[in-house]
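Shown next, in structure tokens, is the structure this report addresses.
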Amino acid sequence: MPTLELSSSPLAESDADAVIVTAFEDGLSPAAGEADAALGGLLVEMREAKEFRGRFAERPVIHTLGRLPARRLLVLGLGKRDQLDAFRLHNAFQFAGTTLRKQGVRRLAAHADPATVAALGNGSPASAADVARAVVTGLLLGNFEGDLNKSEREPDPGIERIELAGLDGDEVALRQALGEAEVLAGASNQVRTWAAAPSNTLTPRLLAEQASALYAGTGLEVEVLQRADLEREGMGALLGVARGSDEPPVMIVVRHDGGRPDGPRLALVGKGITFDTGGISLKPAAGMEMMKWDMGGGAAVLAAMWAIARLNPRANVIGVVPATENMPGGRAYKPGDVLVSKSGKTIEVTNTDAEGRIILADGLAKARELGATHLVDVATLTGACVVALGHVASGLMTNDRDLGRMVKDAAALAGDRVAELPLHPEYDVALRSDVADMKNAAGREAGAITAAVFLREFVGDVPWVHLDIAGPVWNDQGDMTVIPKGPTGTPVRTFVHLARAFAEL
Ligand code: BES
Ligand code: MN
Ligand code: ZN
């Protein structure tokens, strides 16, 4: 992890290898203006020649040829001022961080300024600390090493120091924001590492082991329920999905008891399918390798718990991650089977590929048993949600407007995008079963919503939000110029901000 510092030295005195200055489409930032002056008007000339327009994530790297102490200057386009939000600010600086890391930069200085703060707020107030947190988090995301499995990978220390300059504001708050960025980016990068890990190196058991190792020294209490525990607890839903796999299933339960014992208790429940073949309702071969990230929701819960322990808000938060592979096999569960879930509700399996909702049923029941007063589940749940929202936003569905608002506000701060889909009563009939309490899969129509309708059966009257991250978990869009490609870590930072909001309840 690079060291993070606040700097007050002007551009002309920085001893960094590279400096980042920003520009909107309508003009250069003050620091970019200073750089322009030092370089004899080069940036203005580039703008006039339309070689640099300040478009979003545009990022020419210019050699300063001794006119500035830093050898390189990266001019980062932030796009249209009125379109700036935390998502775009994180992404822009992630791109910049990756570009400079690849060029071997070790010490970098990033300049932000009050106009960026004003643009980020867009009417609602953002603080200098919000910009500091987003900028530094973005740079640390950009410093992520994504090629760990290449045998000829050269040892690369990456970025070693990041200085942030140009923001005026309360220095204590700015320093605190840097500390938060370190934890938030650390958690995001852990989720990205887990999401990218091949399923042969990240089985349910290994996920539990790695999470437990991560928690060492944090004060978190972690419990890993093994098959015998799952059987004793009547988790027929999770056990049903796990039948086809030789890898044993687990349920990981983590607790941060930071609030009053009788206060609200937030439970984060994440889907931990370490590989999804579809089971007997087998998926087509093309693209199946991506199903290694089908534990992205569970990874976000586990890493969020680590970050929450580090930042230590006075809130009670529980993480619950049911984890298994979904495999075909001689003992695999089959269409037509009926599973008895921990809650007692029975599920007719009409499609073994709709396995995420089944294991979450037992995860939600476990969270309620542990006294959750608020439930948030997160899952790479449906291809339908990817069709609806692409890789840009996660689907948000809820039975409670207030908790929905809290999650949306946390996401806005975190730089995660969520978009609400409705749970109109007309969708309820989709999962009616003739033989059990409900079936697990309906037709193609409104597939993201009917999945949530299934989950809602297991939350009772507890306020609940469901996040379908099937699109944003991994950005594989063809045009990689507006969202960094690969695993994103979403919505781990949302969870951390949500836990902090719970401390205020
Ligand atoms: N993990 C998948 C969701 C998924 C599939 C995300 C493809 C992104 C791309 C999930 O377990 C699944 O297979 N869902 C099915 C549900 C259907 C059978 C009702 C889907 O979306 O096709
Ligand atoms: Mn599936
Ligand atoms: Zn799945």
Side-chain angles (χ1 to χ4, degrees), residues 194-195 199 202 204 207 237-238 240-245 247 249 269-300 321-328 332-337 339 347-363 377-395 397 421 427 430-433 438-455 466-477 486-488 490:
W194 274 330
S199 73
L202 195 65
L207 178 62
L238 173 57
V241 173
R243 281 182 64 88
S245 173
E247 291 292 340
V269 182
K271 169 178 173 180
I273 295 288
T274 59
F275 195 80
D276 183 11
T277 67
I280 296 299
S281 312
L282 195 62
K283 287 182 181 297
M288 202 204 276
E289 67 277 8
M290 294 317 294
M291 286 300 131
K292 68 180 182 180
W293 52 238
D294 211 16
M295 30 51 69
V321 178
T324 178
E325 294 183 332
N326 184 26
M327 297 285 286
Y333 80 139
K334 303 175 283 299
D337 288 2
L339 304 176
I347 303 162
E348 179 195 5
V349 178
T350 52
N351 190 321
T352 65
D353 197 13
E355 83 297 340
R357 61 195 75 180
I358 298 180
I359 69 167
L360 286 171
D362 281 348
D377 80 75
V378 55
T380 48
L381 208 59
T382 66
C385 205
V386 189
V387 172
L389 301 172
H391 299 288
V392 177
S394 296
M397 288 144 269
L421 302 175
Y427 297 114
L431 295 172
R432 280 192 192 156
S433 164
M438 76 209 81
K439 53 186 186 183
N440 76 322
R444 289 159 50 87
E445 278 183 25
I449 291 173
T450 56
V453 167
F454 179 92
L455 296 174
H466 161 58
L467 293 172
D468 191 334
I469 61 166
V473 66
W474 193 287
N475 180 46
D476 50 11
Q477 57 168 8
T488 65
T490 197

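Whatever order the structure lists ligands and atoms in, that order sets their numbers, starting from 1.
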R357 N/O to ligand 1 N/O under 3.5 Å = no

inquiry  = Any heavy-atom pair between the side chains of F275 and D294 that's under 4.5 Å?
reply    = no

Angle at the Zn ion (ligand 3) (to 10°), with one arm to NZ of K271 and the other to OD2 of D276 = 170°

task = Could you see which bit of D353 sits under 4.0 Å from ligand 1, with heavy atoms only: side chain, backbone, both or neither?
result = both

remark   = Heavy-atom nearest pair, A379 first then K271, reads CB-CB, 3.6 Å

message = Below 3.5 Å, N or O to N or O, backbone or side chain included: is there any such pair between N351 and ligand 1?
response = no

Under 2.8 Å: N/O/S of D353 next to the Zn ion (ligand 3) = no

Side-chain touch L381/L360, heavy atoms, less than 4.5 angstrom = yes

task = Looking at E355, pick out the N, O or S atom nearest to the Zn ion (ligand 3) and give its name.
result = OE2

task = State, with a plain yes or no, whether a side-chain heavy atom of K292 is found less than 4.5 Å away from one of W474.
result = yes

query = Where on R444 is there a heavy atom closer than 4.0 Å to ligand 1, on the side chain, on the backbone, on both, or on neither?
reply = neither

inquiry  = Between S245 and N326, is there a side-chain donor-acceptor contact under 3.5 Å, judged purely by atom types and distance?
reply    = no

task = Could you see which bit of W293 sits under 4.0 Å from ligand 1, with heavy atoms only: side chain, backbone, both or neither?
result = side chain

Protein heavy atom at shortest distance from atom 4 (C) of ligand 1 = G383 N, 3.8 Å

inquiry  = Regarding ligand 1, does A442 bring an N or O atom to under 3.5 Å of one of the ligand's N or O atoms?
reply    = no

query = So is T382 polar-close to ligand 1, meaning N/O to N/O under 3.5 Å?
reply = no

Identified side chain to side chain contact (heavy atoms under 4.5 Å, CB included) partner of P249 from the options T274, T324, D362 = T324

inquiry  = Suppose we only count N/O/S atoms under 2.8 Å; would D294 qualify as near the Mn ion (ligand 2)?
reply    = no

note = Any heavy atom of L381 under 4.0 Å from ligand 1? The part involved is backbone

query = Do the non-hydrogen side-chain atoms of M438 and N440 ever get within less than 4.5 Å of each other?
reply = no

query = Which residue from M291, M288, M290 reaches closest to atom 9 (C) of ligand 1 through any of its heavy atoms?
reply = M291

inquiry  = For the Zn ion (ligand 3), give me the closest N/O/S atom belonging to D294, just the atom name.
reply    = OD2

request  = List the closest protein heavy-atom neighbour of atom 2 (C) of ligand 1: residue, atom name, distance to the nearest 0.1 Å.
outcome  = D276 OD2, 3.6 Å

ask   = For ligand 1, which part of M295 has a heavy atom less than 4.0 Å away: the side chain, the backbone, both, or neither?
value = neither

inquiry  = To check your reading of the site, what angle at the Mn ion (ligand 2) do OE1 of E355 and OD2 of D276 form, to 10°?
reply    = 100°

ask   = For the Zn ion (ligand 3), does an N/O/S atom of A379 lie at less than 2.8 Å?
value = no

